[in-house]
Amino acid sequence: LELFSDGIARDIITDLSSFADLMVIASTSTFNYKEKTKSTRQVAEELGIRYVLSGSVQEFGENLRINVQLVDAFSGEQLWAERFDRETRDIFAVQDEITQNVVATLGAMEGPIALADRARTRSKHATNLTAYEYVLLARDARNKWTLEGNNESLELMQKAIELDPKYARSYVELAFTYFQDATRYRSLPREESVKEALSNALTAIELDQTFAEGYWAAGDVYAWLFMQPEKALSSYDRALALNPNHADILASWGGWILPTVLERPEEGIEAVKKAMRLSPY
């Protein structure tokens, strides 16, 4: 069981590192705490982290029970917990399934970490916000699906870029905000919104070529604003190659691009089902 649990832990650490917003401590550091009786807060303070993911594995004959929980180490609040009951007949398949589910849930845009970060950000004074926190507030504003919310998102993203002009996430959020203006609100000349949407998506990719969401944004822009399905397909292929467990990208790929742009609805249904299996969010 120790080899199995260590394997899951290593896989989760590796795959979570694909999410650009998550700073994940390497296994060489986290595994030092396996045999130590320290509180969650002590571990967090020593590693310089906010959230601690822990778990346990129990064996009952040919069955396994895996418990996983995510805790805010400073408030002590349990943010998420899940139990998996599985048979041991294909232990590697079980390991892959658990890893994908945990990673997709924690990395989701509406997952427990993002929700906790947004709740904490709303309580902070505006003068103390980081670029990442401006992005969280901008996403909240954009997702109001109103012209006012979209314009607020644009203003917040400009502040994020002023704070950190090399932060790729800011340009992705800005690309999606201009995308919504071009497709929904038309508060700016459409040519300007289209140009800015593509420019910011490409800037995100230029800043971080391992950032899956930069290619996601580019894929949407190519598909909907430029009507270039080949470039959209190439961008989404790259995004999913970089982060195959990103449920939000899978849902967009399967729900919009495959059925509507590429006219492959059956594949789209399977992609959306996979996204739903990976993450309940």
Side-chain angles (χ1 to χ4, degrees), residues 11-12 14-24 96 99-111 113-114 132 135-136 138-139 142-143 157 166-180 182-183 194 196-279 281:
D11 285 351
I12 288 173
T14 299
D15 290 358
L16 276 178
S17 299
S18 298
F19 289 87
D21 284 342
L22 302 180
M23 190 276 286
V24 184
D96 286 346
T99 299
Q100 290 171 359
N101 187 288
V102 171
V103 168
T105 297
L106 299 190
M109 287 184 172
E110 298 300 321
I113 291 178
Y132 167 64
V135 168
L136 293 177
R139 187 181 298 153
R142 178 168 62 84
N143 287 341
M157 290 322 309
K166 299 296 184 182
Y167 183 39
R169 158 71 68 200
S170 298
Y171 296 94
V172 168
E173 186 60 36
L174 200 51
F176 279 127
T177 306
Y178 277 114
F179 176 91
Q180 281 194 185
T183 55
V194 169
E196 289 293 338
L198 181 60
S199 173
N200 282 285
L202 295 180
T203 298
I205 293 170
E206 182 181 347
L207 288 170
D208 186 353
Q209 295 183 13
T210 67
F211 185 27
E213 292 181 24
Y215 294 94
W216 173 20
D220 276 3
V221 171
Y222 283 130
W224 300 109
L225 301 184
F226 286 88
M227 305 302 174
Q228 296 179 352
E230 296 83 6
K231 287 189 175 182
L233 176 60
S234 175
S235 297
Y236 264 93
D237 280 347
R238 183 60 178 154
L240 290 170
L242 287 168
N243 195 343
N245 296 319
H246 200 306
D248 297 291
I249 296 178
L250 269 171
S252 181
W253 170 239
W256 297 105
I257 303 299
L258 276 170
T260 307
V261 178
L262 302 178
E263 298 182 350
R264 290 153 53 182
E266 293 83 4
E267 293 176 56
I269 289 170
E270 292 308 310
V272 172
K273 285 182 176 179
K274 180 180 179 182
M276 292 168 68
R277 286 196 303 270
L278 284 173
S279 172
Y281 299 94

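As the structure is a computational prediction, the values presented were derived from the model and not from experiment.
- Of all heavy-atom pairs spanning I12 and T99, the tightest one is N-CG2, 3.9 Å.
- Heavy atoms only, all atoms of each residue included: A201 and A175 are closest at N-CB, 3.7 Å.
- Atoms CG and CG, from L207 and L202 in turn, are 11.0 Å apart once rounded to the nearest 0.5 Å.
- For the pair A212 and N243, the tightest heavy-atom approach, listed with the atom from each and the gap, is CB-CB, 3.8 Å.
- At least one side-chain heavy atom of L258 sits less than 4.5 Å from a side-chain heavy atom of W253.
- Residues L198 and V194 form no side-chain contact, since every pair of their non-hydrogen atoms from C-beta on lies 4.5 Å or further apart.
- If you take CG on D15 and NE2 on H246, they are separated by 13.0 Å, rounding to the nearest 0.5 Å.
- Under the salt bridge (Lys or Arg N to Asp or Glu O under 4.0 Å) criterion, the residue pairs touching residues 201-217 are R169-E213, with sequence neighbours excluded.
- For I257 against A223, the heavy-atom pair with the smallest separation is CD1-CB, 3.6 Å.
- Interatomic distance, Q100 CD to S279 OG, rounded to the nearest 0.5 Å: 12.5 Å.
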(Q) Evaluate Y167 against V172 for side chain to side chain contact (heavy atoms under 4.5 Å, CB included), listing each step before the verdict. (A) CA-CA 10 Å; Y167 183 39; V172 168; over 6 Å; no
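- Contact between S170 and V135 at its shortest, heavy atoms only, is OG-CG2, 3.8 Å.
- Minimum heavy-atom separation, A247 to A275: O-CB, 3.5 Å.
- Here the side chains of Y215 and L240 are not in contact, with every heavy-atom distance at 4.5 Å or above.
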Could you go through residues 225-238 and list every donor-acceptor pair under 3.5 Å that involves a side-chain atom there, pairing it with any protein atom two or more places apart or in another chain?
| unit_1 | atom_1 | unit_2 | atom_2 | d |
| --- | --- | --- | --- | --- |
| S235 | OG | K231 | O | 3.0 |
| Y236 | OH | W216 | NE1 | 3.1 |
| Y236 | OH | D220 | OD1 | 2.5 |
| Y236 | OH | S252 | OG | 2.7 |

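- Of the possible polar contacts, one joining the N101 side chain to the R277 backbone as a donor-acceptor pair under 3.5 Å is found.
- The shortest distance between side-chain heavy atoms of E110 and N143 falls below 4.5 Å.
- Put simply, OG1 on T210 and CD1 on I205 are 11.5 Å apart, with the number rounded to the nearest 0.5 Å.
- Using a 4.5 Å heavy-atom cutoff, the side chains of V221 and F179 are in contact.
- Going from atom CD of E196 over to atom OG1 of T177 covers 11.5 Å, rounded to the nearest 0.5 Å.
- More than 12 heavy atoms of other shown residues, nucleotides or ligands fall within 6.0 angstrom of atom CE in M109.
- Annotation: the span from K166 atom NZ to Y171 atom OH amounts to 7.5 Å, rounded to 0.5 Å.
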